Every structure is written in C-alpha cells, then in structure tokens.
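Chain letters run A, B, ... following the sequence lines, proteins first and then strands; every chain starts at 1. It should be emphasised that the depicted structure is a prediction, and the values quoted were computed from it without experimental measurement.
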Amino acid sequence: MNEKEQSLDFLYKTLPEILIPWYLKHARDLPWRKDRVPYHVWLSEIMLQQTRVEAVKGYYTRFLKEFPTIADLAEADEDRLLKLWEGLGYYNRARNLQKAAKKIISENNGVFPSEYSEILTLPGIGEYTAGAIASNCFDEPVAAVDGNVLRVISRITESYEDIQKPAVKKQVKARLEAVYPRTRCGDFTQSLMELGAIVCVPSGAPKCGVCPMEDLCVAHRHGTEQKLPVKNTKKERKQEERTVFILRCGTKIAVKKRKKEGLLAGLWELPNISEKKTAKEAMEILSEWGVSPVSLKREAIRKHVFSHIQWNMTGFYVECGQEAPEMEWVCKNELGASIALPTAFRQFLDEDFFQNV
DNA sequence: AACTCGGGGTC
DNA sequence: GACCCAGAGTT
C-alpha cells in the first residue's frame, strides 16, 4: 500500500467516528425521519431522487395521508396517483412506486423485503435507494452513494475524478462499505448525506468553519474545495417549437390525456402541436378539429425548460362554439382537483384566464 | 456509456 | 442563463 492509499484508508476509517456523533447532534428534523418504517423511508427516498428536500416535504405528507399503507398505494387509481405527484417531476417514479407496491403485495405478502439484494429488484429502486433503505431500516452495512456523498468524499479526499463516471461511484461505495460500523449503519448513511446537504453544500461556498472534517479534509487544507467535485461537460438542450391551444367553450376548458410512454407520460395536456404557427394557421387547424366558430382572444409566448429539452410555446386563447370530440372538456374545479396538468401547460392558466372562466 | 426523464433553487 | 439536486431505466 503506497502513501496515497494509506492516506485514503485513514480518511475513510475516520468517517464513522466523526460523522455519526456529529449527525446525532445536528440532524435536521424531517418528516421522514420520525420513524424507520420501510414504506415511509422508501417513499421519501423515491421523492428525493434529483429533488430538493424543501420541494418534497409537502408532497410526502400529502401522499402518506392519502395512501397510509403499501396496500393503499397498490390499489390506488393511477390518475389520482399522478395528481398527487403533479409538479414534482420524473413521473415514472410514481408509476414504479406503484408497480413495486403491487409486487410487494402479490409476491411478498405485503411485507417490504429486508435484504439489500431483494430491495434492489423492486422497480424504481437502484443501488442508492436500496442502500438507503437497507441501512436505515434494517441496519445493514450498505452504502448509499448519492450526489451529496460523492461531493463530500471528493472534497475530503481531494479527488479530481469525474464523479459522474459509474466506476467512481462504485469505488466510493466499496470503500465506504469497508468501513461501515457494526451498528448505527443508517445513521452513518444519513450522516454522509447530511454533511453534504447542510455543510459541504452543492452551491455556494461550503461551510468549512462548522465542518467536523475541517482539519482532515484534504481539499480544505489545500484550499481547493470550491474546485470540487469534478463533473463531466454539459450537453446542449434541444429546442422545440410548439403551438398550444387554450380552448374555452362556455365554462369548460379543453384538455387531452398524454401517451403512456415518454415525456410527461400519462399526464394531461392542453391541446398542442409541434411547430410554431401563425394565428391564421392556428385558426385553420381549429376548424379542422371541429370547434368552430372560433374567436381568438389573445396570444402568449411561454417557455418551459426540461432536463434535456426546451419548449418555446406560442399559446392561443380561443373561445369555441362547440366542444370538439377528440378531447375532454372540463371545468375549473376539475382542473384543480383531479387533472394532473404539468407546469409547462399550467403557465398559460394565469389570472386573466381564470377571471374569464 | 449515452440518453431519457421535471421542476425549481441558487448563484 | 447555467448549474444542481437524497437517481433509475432504457438503449
């Protein structure tokens, strides 16, 4: 073992004794930390994938209130499920959640599996989430390596490896699992992520002055913590032009259900087509749809940014003479209560619009 | 290994 | 604007 590996070995071995006591003292009071019920921990971990804590809090509480048990989730109506997920994004998380719930009911007698390898087989659960559940709920010495952990480790060890490479994540996981404590496995898992969330933060300067690893962190000793972690280059977002119709017929608004696969799968949408159309072209399209006579009230330009696509939308607000057959015509109440309409479209339903509904 | 899949903070 | 977030599934 060379000098560099000895240093790494020492740093990793030190983590549990320093971070667990720090975590027990500084842990935030979060809704999903009130108990260690696998269903609760599982739900929170799914919601937290690529999603900030503050955004999740409200969704988590609402979701559990409506679906208190795995059986309730398994039996849930999909439209209702998606409505509860509306605005949270990555909607396949919700479908996979229910798929897994059904699997647990049918194949495991409703009992959440207690072993890392079994947990990993559930839809929507990858290595990170399986590790988080296994260590937190079943005290198994399994690491949960997320963006927080990779950032913390890359700084403590001053590693300039690209943390987006799977090999890097794999090695960090193995090294962590070599030093997992015999008890309090969940606290150790949480301590690494908590440090990343509230001290070794992702944006802005890390709060090294209050970090329990301050004296040991190699990046901090070298003043390089702001350069880490290293991530691969970004790819450009595809630009898509769309024309969106905000159609009213009396007090009803036209919506359509999206396809079962792909972007915003299974959610609702305002009628829309690809390409940017002029008002004249747009009115011609509407006559083909059978909503005539039409009266164009106003236009609006809106933009929506997804992870890999940007929609540049032209919206036409139109009063229609009849309800076209190929779509659903719903009232304002339904739009709020039962129709899961993504943010991209909800932008068009501004105050002016609702005053006239 | 590269893509797909949301939405909102933060700088 | 650009980046990032308690990632997973598909190709």
Side-chain angles (χ1 to χ4, degrees), chain A residues 23 27-28 30-33 40-60 82 85-97 99-100 119-133 135-136 143-152 162-170 173 186 189-198 200-206 226 228-239 258-267 269 303-311 340-347:
Chain A
Y23 173 72
R28 289 167 295 176
L30 301 173
W32 44 89
R33 284 182 176 161
H40 298 169
V41 174
W42 169 37
L43 175 63
S44 72
E45 292 300 346
I46 299 298
M47 286 186 164
L48 285 162
Q49 287 169 7
Q50 295 293 286
T51 310
R52 295 172 189 275
V53 166
E54 285 310 313
V56 168
K57 284 181 180 173
Y59 284 90
Y60 174 81
L82 290 173
W85 212 269
E86 180 189 51
L88 199 55
Y90 288 156
Y91 299 94
N92 275 333
R93 293 185 292 178
R95 294 173 201 297
N96 283 332
L97 200 61
K99 270 189 203 166
I119 298 170
L120 194 54
T121 68
L122 293 171
I125 297 188
E127 289 197 345
Y128 161 76
T129 304
I133 298 172
S135 60
N136 276 302
V145 181
D146 69 339
N148 283 316
V149 177
L150 287 168
R151 183 175 57 259
V152 166
D162 180 352
I163 63 167
Q164 301 212 324
K165 287 187 172 10
V168 172
K169 191 200 286 190
K170 190 177 171 186
K173 178 171 157 69
T189 295
Q190 298 262 2
S191 70
L192 284 160
M193 294 192 289
E194 193 75 351
L195 191 69
I198 66 181
C200 199
V201 292
S203 59
Q226 299 255 41
L228 295 168
V230 172
K231 291 189 142 183
N232 72 349
T233 53
K234 59 285 173 187
K235 56 245 169 192
E236 85 262 29
R237 242 185 291 271
K238 190 199 296 182
Q239 303 290 313
R258 290 177 64 82
K259 288 184 298 188
K260 288 270 181 193
E261 305 90 26
L263 188 65
L264 305 171
L267 278 79
E269 64 183 3
K303 176 180 77 172
H304 189 77
V305 180
F306 296 98
S307 309
H308 55 299
I309 302 171
Q310 176 170 318
W311 279 357
L341 189 70
T343 305
F345 299 106
R346 222 163 250 283
Q347 298 184 71

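For the pair A:K303 NZ and C:dG1 C1', the computed distance is 8 Å after rounding to whole Å. Across the protein-nucleic acid pair, A:R33 atom CZ and C:dA6 atom C1' stand 9 Å apart, rounded to whole Å.
Salt bridge A:R346/A:E86: present, at least one basic N to carboxylate O contact under 4.0 Å.
If A:A167 and A:L264 are placed on DNA chain B by their nearest nucleotide, the residue sitting closer to the 5' end is A:A167. Both A:K99 and A:S44 sit near DNA chain C, but only A:S44 has its closest nucleotide nearer the 5' end.
A:H308 has no side-chain polar atom (N or O) that falls below the 4.0 Å cut-off from OP1 or OP2 of B:dT4.
Every residue meeting the side chain to side chain donor-acceptor pair (under 3.5 Å) condition with A:E54, not counting sequence neighbours, appears here in chain and number order: A:K57. Evaluation of the side-chain contact (heavy atoms from CB on, under 4.5 Å) rule for A:S135 yields A:C185, A:T189 as partners, not counting sequence neighbours. Residues passing the side-chain contact (heavy atoms from CB on, under 4.5 Å) test with A:R33 are A:Y23, A:A27, A:R28, A:L30, A:R36, A:Q190, A:E194, sequence neighbours excluded. For the side-chain contact (heavy atoms from CB on, under 4.5 Å) test, no residue two or more places apart in sequence or in another chain qualifies with A:K259.
Taking 4.5 Å as the limit, every side-chain heavy atom of A:I119 sits out of range of all side-chain heavy atoms of A:W42. Between A:M193 and A:Y128, some side-chain heavy-atom pair lies under the 4.5 Å cut-off.
With B:dC5, C:dA6, C:dC4 as the candidates, the nucleotide lying closest to the side chain of A:R28 is C:dA6.
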Can you pull every protein N or O that's under 3.5 Å from an N or O on nucleotides 8-11 of chain B?
unit_1 : atom_1 : unit_2 : atom_2 : d
B:dG8  : N2     : A:R52  : NE     : 3.1
B:dG8  : N2     : A:R52  : NH2    : 2.9

Close N or O pairs between protein and nucleotides 7-9 of chain C (under 3.5 Å):
unit_1 : atom_1 : unit_2 : atom_2 : d
C:dG7  : OP1    : A:G147 : N      : 3.4
C:dG7  : OP2    : A:Q50  : N      : 2.7
C:dG7  : OP2    : A:Q50  : NE2    : 3.2
C:dG7  : O5'    : A:Q50  : N      : 3.4
C:dA8  : OP1    : A:G126 : N      : 3.0
C:dA8  : OP1    : A:T129 : N      : 3.0
C:dA8  : OP1    : A:T129 : OG1    : 2.7
C:dG9  : OP1    : A:G124 : N      : 2.4

